[in-house]
Amino acid sequence: RNKHKLVLLYLLRAKLLTSNAIDEYFAQHMDSGRNIIVIELALTFVKQCLIDNLAATYEFTKTFDIVSKMNPSNHVVRKQLQKWLQDLRALATAKEEENNNKSGATNNNNTNQNNMPLNAQVNNLPTQSNTNNTNQNTNQ
């Protein structure tokens, strides 16, 4: 998995692949959220893209669309998914603040429009309380 992620990162850095093509690839192989290995790969890949400033979360809409619709019945899988999403939220928030500080230093009245959806996309993903409410509603 790690080699797969590295190869995709190198291809993205070399501009031989676009983030949209990688998003499509992940979406096709996630099997509507049933392939947890690809989901883990996709979320760690997005996290690395944020860290390396290669892409933003809004460039992986199909991936996040599938993840947001997931409702794993296995408690361990649900907790792991929540951990990945919390890590992405924290990273997206930190990157957004970093970009706002950079743009604020050059022009205090200028907001960075390209990064506005960065945190919004990740914040729309299910949280632990949303997942628990959904499970309670389906169990009744």
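Below, each value reflects all heavy atoms present in this structure, side chains not excepted, and no hydrogens, waters or symmetry copies.
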Student: Output the distance between atom CG (Leu91) and atom CD (Gln86), rounded to the nearest 0.5 Å.
Tutor: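 Going from CG on Leu91 over to CD on Gln86, the span is 13.5 Å.
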
Student: Show your working on side-chain contact (heavy atoms from CB on, under 4.5 Å) between Asn53 and Lys95 and close with a plain yes or no.
Tutor: CA-CA 9 Å; Asn53 289 321; Lys95 286 293 183 178; 3.5 Å; yes

Student: With distance as the sole test, does Asn74 use its side chain to make a donor-acceptor pair with the main-chain N or O of Val76 at under 3.5 Å?
Tutor: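 Checked: pair present.
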
Student: Measure the NE2-CZ distance between His4 and Phe45 for me, rounded to the nearest 0.5 Å.
Tutor: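 One finds 9.5 Å between NE2 of His4 and CZ of Phe45.
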
Student: With heavy-atom distances below 4.5 Å as the criterion, would you say the side chains of Phe26 and Leu8 are in contact?
Tutor: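 The answer is yes, as the side chains (C-beta and beyond) meet within the 4.5 Å cut-off.
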
Student: Identify the two heavy atoms, one from Ser32 and one from Ile66, that lie closest to each other, and give their separation to 0.1 Å.
Tutor: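 Looking at all heavy atoms of both residues, the closest pair is C-CG2, 3.9 Å.
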
Student: Can Asn20 and Glu24 be counted as having a side-chain donor-acceptor contact under 3.5 angstrom?
Tutor: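 No, Glu24 and Asn20 have no side-chain donor paired with an acceptor closer than 3.5 Å.
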
Student: Side-chain contact test, heavy atoms from C-beta onward, threshold under 4.5 Å: evaluate it for Asn2 versus Thr44 and give yes or no.
Tutor: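 Sidechains of Thr44 and Asn2: no contact.
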
Student: Please name the pair of heavy atoms, one in Ile22 and one in Phe60, separated by the smallest distance, quoted to 0.1 Å.
Tutor: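 For Ile22 and Phe60, the tightest heavy-atom pair comes out as CG2-CE2, 4.4 Å.
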
Student: To check you understand the geometry: which heavy-atom pair defines the closest contact between Leu50 and Leu88, and what is its length?
Tutor: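 In terms of heavy atoms, the two residues are closest at CD1-CD2, 3.9 Å.
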
Student: Let me know which of Gln82, His75, Lys83 forms a side-chain contact (heavy atoms from CB on, under 4.5 Å) with Lys79.
Tutor: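 It is His75; the other options fail the test.
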
Student: If you measure from CZ on Arg13 to CG on Asp52, what distance do you get to the nearest 0.5 Å?
Tutor: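 Answer for the CZ-CG pair, Arg13 versus Asp52, is 4.5 Å.
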
Student: Judged by atom type as modelled, is there a donor-acceptor pair below 3.5 Å linking the side chain of Glu59 to the main-chain atoms of Ala56?
Tutor: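 Yes: the side chain of Glu59 pairs with the backbone of Ala56.
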
Student: Is any side-chain heavy atom of Leu17 closer than 4.5 Å to a side-chain heavy atom of Tyr25?
Tutor: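 No, side chains not in contact.
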
Student: So does Lys62 have more than 12 non-hydrogen atoms from other groups sitting under 6.0 Å from NZ?
Tutor: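 Atom NZ in Lys62 is not packed in, count stays at 12 or less.
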
Student: Any idea which heavy atoms bring Asn35 and His29 closest together, and the distance?
Tutor: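 Closest approach of Asn35 to His29: ND2-O, 3.3 Å.
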
Student: State the OG1-CG distance between Thr18 and Leu11, to the nearest 0.5 angstrom.
Tutor: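 Taking OG1 in Thr18 and CG in Leu11, the distance rounds to 11.0 Å.
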
Student: Considering only heavy atoms from C-beta outward, does the side chain of Ser19 approach that of Leu54 to under 4.5 Å?
Tutor: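 Not in contact.
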
Student: State, with a plain yes or no, whether a side-chain heavy atom of Tyr58 is found less than 4.5 Å away from one of Phe64.
Tutor: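 The answer is no, as the side chains (C-beta and beyond) never meet within the 4.5 Å cut-off.
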
Student: Rounded to the nearest 0.5 Å, what's the gap from NZ on Lys5 to OH on Tyr10? Could you check?
Tutor: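 Lys5 NZ to Tyr10 OH: 10.5 Å, rounded to 0.5 Å.
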
Student: Let me confirm one number: the CG-CG distance from Leu43 to Asp87, rounded to the nearest 0.5 Å.
Tutor: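 Interatomic distance, Leu43 CG to Asp87 CG, rounded to 0.5 Å: 10.0 Å.
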
Student: Please examine the side chains of Asp31 and Val38, heavy atoms only from C-beta on, and report whether any two atoms are closer than 4.5 Å.
Tutor: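 They are not in side-chain contact.
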
Student: Does the side chain of Met70 come within less than 4.5 Å of Ile39's, by heavy atoms?
Tutor: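 Yes. Closest side-chain heavy atoms under 4.5 Å.
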
Student: Under 4.5 Å between any side-chain heavy atoms of Cys49 and Leu9, yes or no?
Tutor: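 The answer is yes; the side chains approach within 4.5 Å.
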
Student: Under the side-chain contact (heavy atoms from CB on, under 4.5 Å) rule, collect the residues that match up with Glu97, sequence neighbours excluded.
Tutor: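 Result, side-chain contact (heavy atoms from CB on, under 4.5 Å) vs Glu97: Thr93.
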
